[in-house]
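These notes are about the structure you will find just below.
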Amino acid sequence: MQIETSGAVTSLELPFNPSFTFDCGQTFRWRPVDLDRNVWVGTVGEYVLEVSQNNVKLISQTRDKNNASGNFIEFVQKYFSHCDKLEEIYSSFPEDPFLEDAINRSYGLKILTQDPWECLISFVCSINKNIPSIKTIIRNLSLRFGRAIVKDSDGRFHTFPRPTDLARATEKELLETGIGFRWRYIKFIAEKVSSGELDLESLRALDFNQARNHLISRISRKTFGVGPKVADCTLLFSLHKTEAFPIDVWIRRCVVKNYSNLFVSQSNQTKIAHLTYEKMSTSMRERFGKYAGYAQQYMYMSMLTERRIIRGKAPA
DNA sequence: TCCCAGGTCCTAC
DNA sequence: GTAGGACCTGGG
């Protein structure tokens, strides 16, 4: 992979596949501009980027002189989890025909290291929503409360709102974006983050369980609307706790279908389908280890592809 | 028009 | 500790 800024080009390592990486449900701010060439455009922090198989190009950035993103190359390397070597990750998994097939189908999918604030709010927005709706809500939030970066043919790119932007927003303003009942959750978290009571960046230094306990509402009381699923997504997609194994309806179906043998005490599939989140997630972390979150993403993509085929739509 | 969505909260038992 | 209902709203 190369990084291009104002004509300058820098290389990053392959394998990397933009479609699988941006369309696997870990981020909601990318859109394809040329699927044949696998070219995507998205907003990351203060930047608008165009990304293809082996090239990252800086399209524009905010005029904010206090651009908090720092060195652009380092910023991009961190975002694309430069430290993660996919071949090492693949070979760390136990022998597993289903996972091997899932990896082959989505070879080059990489887990990003996103901004934890944006990631947490995005997954709060995801509660009881499908992916197209989540994208719409996040776009509306950015249009209404973010800062304009550059005009393009499809309107403008906007930064994701800052915690203070959402803490100041009224109920009416928030509801106009289509977030529905989630507005209380978002405003509550925005207030905690902007006051400094909840420091998301500091969670990077904690181990998985400590960081998780800081995020889950009923434990920490510093969030509201954050259950185990939203916490695990935030840990995996922004704080780079790669052992996190988020369980949604599709992963639950996947586990019931392919991993029922792991739950020997459970006699039938109905019982396994109703296993508690914690029991299922812990078992999968124990099986797949340090990179369980990568295994989860490939499984999710496999289920998604299967659904698209059933519905007669070609995989992205 | 109706169902359902990458869940969480709250209440009741 | 857990089962079940309520929750805004838009996409399919």
Regarding [X] and [Y], does a basic nitrogen lie under 4.0 Å from an acidic carboxylate oxygen?
{"X": "R252(A)", "Y": "D248(A)", "value": "no"}
{"X": "E278(A)", "Y": "R212(A)", "value": "yes"}
{"X": "D165(A)", "Y": "R162(A)", "value": "yes"}
{"X": "E197(A)", "Y": "K192(A)", "value": "yes"}
{"X": "K187(A)", "Y": "E191(A)", "value": "yes"}
{"X": "K110(A)", "Y": "D84(A)", "value": "no"}

Query - Strand contacts (DNA chain B) in residues 184-194 of chain A, 4.0 angstrom heavy-atom criterion - result: Y185(A)

Can you tell me the distance, in whole Å, between the [atom1] atom of [X] and the [atom2] atom of [N]?
{"X": "F181(A)", "N": "dC9(B)", "atom1": "CZ", "atom2": "C1'", "result": "10 Å"}
{"X": "F224(A)", "N": "dC7(C)", "atom1": "CZ", "atom2": "C1'", "result": "11 Å"}
{"X": "L275(A)", "N": "dA3(C)", "atom1": "CG", "atom2": "P", "result": "11 Å"}
{"X": "I137(A)", "N": "dG10(C)", "atom1": "CD1", "atom2": "C1'", "result": "8 Å"}
{"X": "E176(A)", "N": "dC8(C)", "atom1": "CD", "atom2": "C1'", "result": "15 Å"}
{"X": "L215(A)", "N": "dG7(B)", "atom1": "CG", "atom2": "P", "result": "17 Å"}
{"X": "N140(A)", "N": "dT9(C)", "atom1": "CG", "atom2": "P", "result": "13 Å"}
{"X": "I179(A)", "N": "dT9(C)", "atom1": "CD1", "atom2": "P", "result": "10 Å"}

Query raised in the report: Looking only at atom types and distance, does a side-chain atom of Y298(A) sit under 3.5 Å from a main-chain N or O of L109(A), one as donor and one as acceptor?
Result: yes

Query raised in the report: Do we see a donor-acceptor contact under 3.5 Å between the side chains of Y90(A) and N104(A)?
Result: no

Report task. Verify the distance criterion only: is there a donor paired with an acceptor across the side chains of S19(A) and N38(A) at less than 3.5 Å? Result -> yes

Report summary line: Q297(A) has its side chain closest, among dC8(C), dG11(C), dG6(B), to dG6(B)

Report task. When you get a sec, tell me which of dC8(C), dG11(C), dT8(B) is the closest nucleotide to the side chain of I127(A)? Result -> dT8(B)

Check every strand shown and say whether [X] touches a base, only sugar-phosphate, or nothing at a heavy-atom separation below 4.0 Å.
{"X": "V124(A)", "result": "nothing"}
{"X": "C125(A)", "result": "nothing"}
{"X": "G25(A)", "result": "base"}

For the [atom1] atoms, the ones on [N] and on [M], what distance do you get once it is rounded to whole angstrom?
{"N": "dG5(C)", "M": "dC4(B)", "atom1": "P", "result": "15 Å"}
{"N": "dT1(B)", "M": "dC8(C)", "atom1": "P", "result": "23 Å"}
{"N": "dC3(B)", "M": "dA6(C)", "atom1": "P", "result": "15 Å"}

Query raised in the report: When hydrophobic residues are tied together by side-chain contacts of less than 4.5 Å, even through go-betweens, does I121(A) share a cluster with I216(A)?
Result: no

Query raised in the report: Does some side-chain heavy atom of W30(A) sit less than 4.5 Å from a side-chain heavy atom of T21(A)?
Result: no

Query raised in the report: Is there a side-chain contact between L236(A) and P246(A), using heavy atoms and a 4.5 Å cut-off?
Result: yes

Query raised in the report: Can you tell me if the side-chain N/O atoms of T276(A) get under 4.0 Å from OP1 or OP2 in dT2(C)?
Result: no

Query raised in the report: So, is S217(A) near the phosphate of dC9(B), with a side-chain N or O under 4.0 Å from OP1 or OP2?
Result: yes

Query raised in the report: Is there ring stacking between F123(A) and dG6(B), where the centres must be under 5.5 angstrom apart and the planes under 30 degrees?
Result: no

Report task. Test S142(A) against every option in R156(A), H158(A), R29(A), R147(A) by the side-chain hydrogen bond (donor to acceptor under 3.5 Å, both in side chains) rule and name the one that passes. Result -> R29(A)

What pairs of nitrogen or oxygen atoms, one from the protein and one from nucleotides 1-5 of chain B, lie under 3.5 Å apart?
from	atom 1	to	atom 2	distance (Å)
dA5(B)	O3'	K129(A)	O	3.0
dA5(B)	O3'	N130(A)	N	3.3
dA5(B)	N7	N128(A)	OD1	3.3
dA5(B)	N3	N128(A)	O	3.1

**Report entry** Nucleotide-level pairing of DNA chain C, given in dot-bracket where Watson-Crick and G-U pairs need both distances under 3.5 Å and | marks other strands
**Finding:** |||||||.||||

Report summary line: Comparing nearest nucleotides in DNA chain B, the 5'-proximal residue of the pair I251(A), V226(A) is I251(A)

